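Below is one structure, written out as C-alpha cells; comments come after it.
In this text the structure is predicted, and so the values were computed from the model without any measurement.
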Amino acid sequence: MSRKLMHRLAAFLGLFLSIVPALQAQEYVRPAADLDRLVQELFAEIQSDQVPYEDVYETLLQYYQTPLNLNTATREELRSLLLLSEAQISALLHHREQVGMLLSMYELQSIDGFDLRSIYRVAPFATVLDGIVGGNRGPLWQRVLQEDNNALLVRYERVLQQRKGYTAPDTTSTGRLTSRYAGSPDKLLVRYRVSHAHDFSFGFTAEKDAGEAFSWNPGSRRYGADFYSAHFVVHERGRLKTLALGDYQLQFGQGLLLSSGFQVGKGAETITSIRRSNVGVRPYSSVLENSFFRGAAATFSLSKTLQATAFASWKKVDASIQTSTDSLAEFDEFSSGVLLTGLHRTTTDLANRKDLRELISGGNFTYTSRNSNFSAGLTAVDTHFDKAILRRSEPYNAFEFRGMHNLAVSTHYSYVLHNALLFGETARSSGGGWGTVNGVLASLASNVDASVLYRRYTRDFHTFYGNALSENTRNINESGLYMGLKMRPLYKWEISAYYDQFRFSWLKYQIGAPSQGHDWLLRVAFSPSKTSLLYAQMRLRVKDHDGDLDPVRPVPVPTERRSVLLFYDANPSAALSLRTRLQGTHYRENDGPRRAGYVLAQDVTVAVVPRVQLSARYALFDTDDYDTRQYVFERDVLYAFSVPPLYGQGTRVYALAEVKCSRHLTLWLRYDETHYRHHATIGSGLEEIQGPRRSQVKMQVRYKI
C-alpha cells in the first residue's frame, strides 16, 4: 500500500470516529460565515468609532465570497486569513507536498495541529478545489455572469430627528449667517462588484453622506454624488500576476510604508494578527475616501522566485490651503495636513475639498524561495504634494513632516525555522528618520503558541500609508515590545494573553513631555459546543496624559483604564441565536477619583422562515463621563459596520430584518434608537438634536445579476 493511500485511509478513519453525521452528506457544505462573531473575537475592545472597521468587515466578506482554495493557496495567502497558526500552515503545505491535493475539507482533520475549532473558524473562508490557476477560463463575460457575487447594492439611511445643521441659519452679531449643511440628511450608497479569486475583480461605488449636496457642477468638481470609486483588476495572465486600474490598495512587508485597511493590531487574537501579510496589490471598493491609491499597479513574475511590482497613484485630497504673508517664507502656499474625514457638508468643507494634489509612485521586489520558507524584498515609495505640508508651530510638531516631497525605502524579510516564523521590516524616510519592526511567531507545543514583536519608529520617521503595529495611530515617535501567548490547556478551553510596553521619546498632542505606558489583556474562552462560545476578558491600559491640575504648565500623569468583558454566544436551535454581553470600565487620572461605565446588551437572532431572519438588541448603559464611554459592536446590513459610542445613562435598541425575496433579490431593513436619560439635547454643534432620542433607519437592496 502506498504512503499516500495510507495517509488518506488514516484520515477518513478519523472522520468516522469524530464526525460521522457529517459524513452522511455526499459533499462538504461550506458553512455561512458568522462575521459578526469573528470580528468580536478578533477585536479585544473597540475604543473608537474612527478605526476603519468597515474595511476589515468587507475584507472578511470578500474572503467568504471568494474562498481561498486550500489546494493552491500560497503560504502568504494562508497567513492573510489570520485564522491559522504558522505550525498549521506549515503542516498543511507539508501535507500537500507529501500526499497531494486535498480531496475534501474533512481531510483537514488528518493534518497535525488542525483541531475542530480551527477547522470551524477557517471553513467559511476556504474551499477545496482541484482547479489549476491560469487554466482555461473561457470568455470573461461568461465567468462574470456565473459568479455568485455579481451583484448591485443600493443603501439608504437617515437620522429621523431634526439636527441643527439642517435648520435655517441664524444671524450672528456681525450680521453674518451661521454655517449649515449644504445637502439633505439622507445618506445614499450605490455599489456594484463582481470578483473571482486569482482571476478578476471590477466594480464601482458612489456615495453621498448625510449633509452633502447631490449636485452637478463640473466647475467645482461635483458630479452628482460626493464620492466615486472604481477598479478593474485581473490576475494570473502568464507573467502578469496582477494588473489594477482605478482604485487599489497595497500591502508589502510589515506595513511600514504600505499597508491596506485589513489590520487588527492588538486584540484578542494575540498571535497571528500582529504580523502583516505580504499580499501586494488588492482591489479597493470601500467608502473610506483617503486610504487608497488611484491610478495603476502591476505585479510581474520575473522568475519562479522573483516578483516585481510597480505602481503610480495620482489623486486630489482634502486640505486647508493657506497663503504665506511673509515674502521670505520658504513656501508661498501650504497646508497643515491632509483632512481625513471625507465629509463635505459645510462651506468650509467644500472650500477644502480636493485642494491638494498627491502623486505617489514606487515599487517592490520580492524574492520567495521555492519552498516558500524564506522571503525578502525591497520597497520604495516616493510621495510628492503640489503644495507644502507645514504643521502648526507647536513643540509637539517639531519633528513632523514639512515640505512637498518624501522618499521612503524599506527592506523586509520572513523566514520559517522549524515551528517558528521570523519576520521584520526596516525603513528610512527623507530627512533620516527610520523605523523598524521585527518579530517571531512560534508554536512552542501543539497547544501553545507565542509571539514577540519589537518596534521602533523615530520621531522624524515619515510614512503616509504605513500602518505597522503601534500604539499610536501613525508609525512615528514610538518604541515598544509586545509579547503574546495562546494556550489550549484542555479540550474546548483557550487562554489568550498579551503584554505591551511602549515609550514615546518626544512630545505628543496633549502630552507635554516624553511619556510611556503599558497595556495587557487576558481572555479565557470556553466552547461548550461547536456553535456556542463563552469568554471572559480583562484588560488594563496605563498611559501618560497631561493632567488638569496646572493648565498653564501641564505635566503628564498616568491615566489608567481597566476593562472587563463577559460574552456568551449560544444557539439553542438552528433557528435561534442568543448573545449576551456585559462590559465595564474604570478610568482614573493619576490619584484622582475613579470613574466608571458599563453596558449590558442582549441580542436575539431568529430565522422565522428560511428566507426571513430577524435580529434585535436591547442594551442598558450607564457611564460617568465621556472618558468611560462604551463601544459595542452591532449587527448591521450587509457590508456595513456599526459601533456607536455610548455615554451618559440610557438605553440602546435596534432591530434588523433580512428578507431573501428571491434567488436574486435580498432586502435589509434596520431601525436603531438611543434614548438618553436626563438629557435635554444630544450631540453638539451642527449635529445637535433637541430632545433625549436619536433614531435612525437604514434600508438596503441587493440584486444578484
For the residue pair [X] and [Y], confirm or rule out a side-chain donor-acceptor distance under 3.5 Å.
| X | Y | value |
| --- | --- | --- |
| R652 | Y654 | no |
| Q613 | T605 | no |
| D226 | H344 | yes |
| T580 | Q602 | yes |
| T299 | T309 | yes |
| R180 | T346 | no |
| N69 | T127 | no |
| N571 | S573 | no |

Please table the atom pairs, donor to acceptor, closer than 3.5 Å between any side-chain atom in residues 656-668 and protein atoms at least two apart or in another chain.
from: S662; atom 1: OG; to: H664; atom 2: N; distance (Å): 3.2
from: S662; atom 1: OG; to: L665; atom 2: N; distance (Å): 3.1
from: H664; atom 1: ND1; to: K704; atom 2: O; distance (Å): 2.8

[X] side chain vs [Y] backbone, donor-acceptor pair below 3.5 Å:
| X | Y | result |
| --- | --- | --- |
| E688 | G685 | no |
| Q162 | I689 | no |
| D672 | V653 | no |
| Y248 | L245 | no |
| N352 | T348 | yes |
| S104 | Y106 | yes |

Quiz prompt | Distance under 6.0 Å and angle within 45° of ring axis: R191 vs Y639 | solution =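 Judged by the rule, R191 and Y639 form a cation-pi pair.
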Self-check item: Identified side chain to side chain donor-acceptor pair (under 3.5 Å) counterpart of K241 within the set E236, Q307, H198
Solution: E236
Report yes if some heavy atom in the side chain of [X] is under 4.5 Å from a heavy atom in the side chain of [Y]; otherwise report no.
| X | Y | answer |
| --- | --- | --- |
| E157 | R155 | yes |
| Y284 | S229 | yes |
| V234 | D199 | no |
| D247 | F293 | no |
| T242 | V233 | yes |
| N71 | L129 | no |
| L189 | Y156 | no |
| L83 | T272 | no |

Can you tell me how far the [atom1] atom of [X] sits from the [atom2] atom of [Y], to the nearest 0.5 Å?
| X | Y | atom1 | atom2 | result |
| --- | --- | --- | --- | --- |
| R276 | S80 | CZ | OG | 13.0 Å |
| S577 | R635 | OG | CZ | 5.5 Å |
| L340 | N290 | CG | CG | 5.0 Å |
| I360 | L257 | CD1 | CG | 11.0 Å |
| L343 | E289 | CG | CD | 7.5 Å |
| Q696 | L160 | CD | CG | 8.0 Å |

Should [X] and [Y] count as an ion pair when the cut-off is N to O under 4.0 Å?
| X | Y | answer |
| --- | --- | --- |
| D318 | R353 | no |
| R670 | D636 | yes |
| E673 | R693 | yes |
| D569 | R579 | yes |

Quiz prompt | Candidate pair N217 and S215, rule side chain to side chain donor-acceptor pair (under 3.5 Å), full reasoning | solution = CA-CA 6 Å; N217 186 354; S215 63; over 6 Å; no
Restricting to salt bridge (charged side-chain N to carboxylate O under 4.0 Å, His left out), what partner residues turn up for [X], sequence neighbours left out?
| X | value |
| --- | --- |
| E207 | K187 |
| R239 | none |
| R611 | none |

Write down the atom of [X], the atom of [Y], and the distance for their closest heavy-atom approach.
| X | Y | value |
| --- | --- | --- |
| G466 | S259 | C-CB, 4.3 Å |
| S273 | L82 | CA-CD2, 4.1 Å |
| D355 | A319 | CB-O, 3.6 Å |
| L578 | P572 | CD1-CG, 4.0 Å |
| E634 | P644 | OE2-CG, 3.5 Å |
| Q249 | S291 | NE2-O, 3.4 Å |

Quick one: side chain to side chain contact (heavy atoms under 4.5 Å, CB included) partners of [X], sequence neighbours excluded?
| X | result |
| --- | --- |
| K315 | F292, R294, V317, E358, Y465 |
| E147 | N149, N150, V194, H196, F200 |
| A197 | T66 |
| R357 | W314, K316, D386 |

Quiz item: Does F385 have its ring centroid less than 6.0 Å away from the ring centroid of F464?
Solution: yes
Any residue meeting ring pair (Phe, Tyr, Trp, His ring centres under 6.0 Å) with [X], in chain and number order, not counting sequence neighbours:
| X | value |
| --- | --- |
| Y166 | Y181 |
| F125 | none |
| W216 | Y223 |
| Y192 | none |

Quiz prompt | Candidate pair T347 and D349, rule side chain to side chain donor-acceptor pair (under 3.5 Å), full reasoning | solution = CA-CA 5 Å; T347 304; D349 293 339; over 6 Å; no
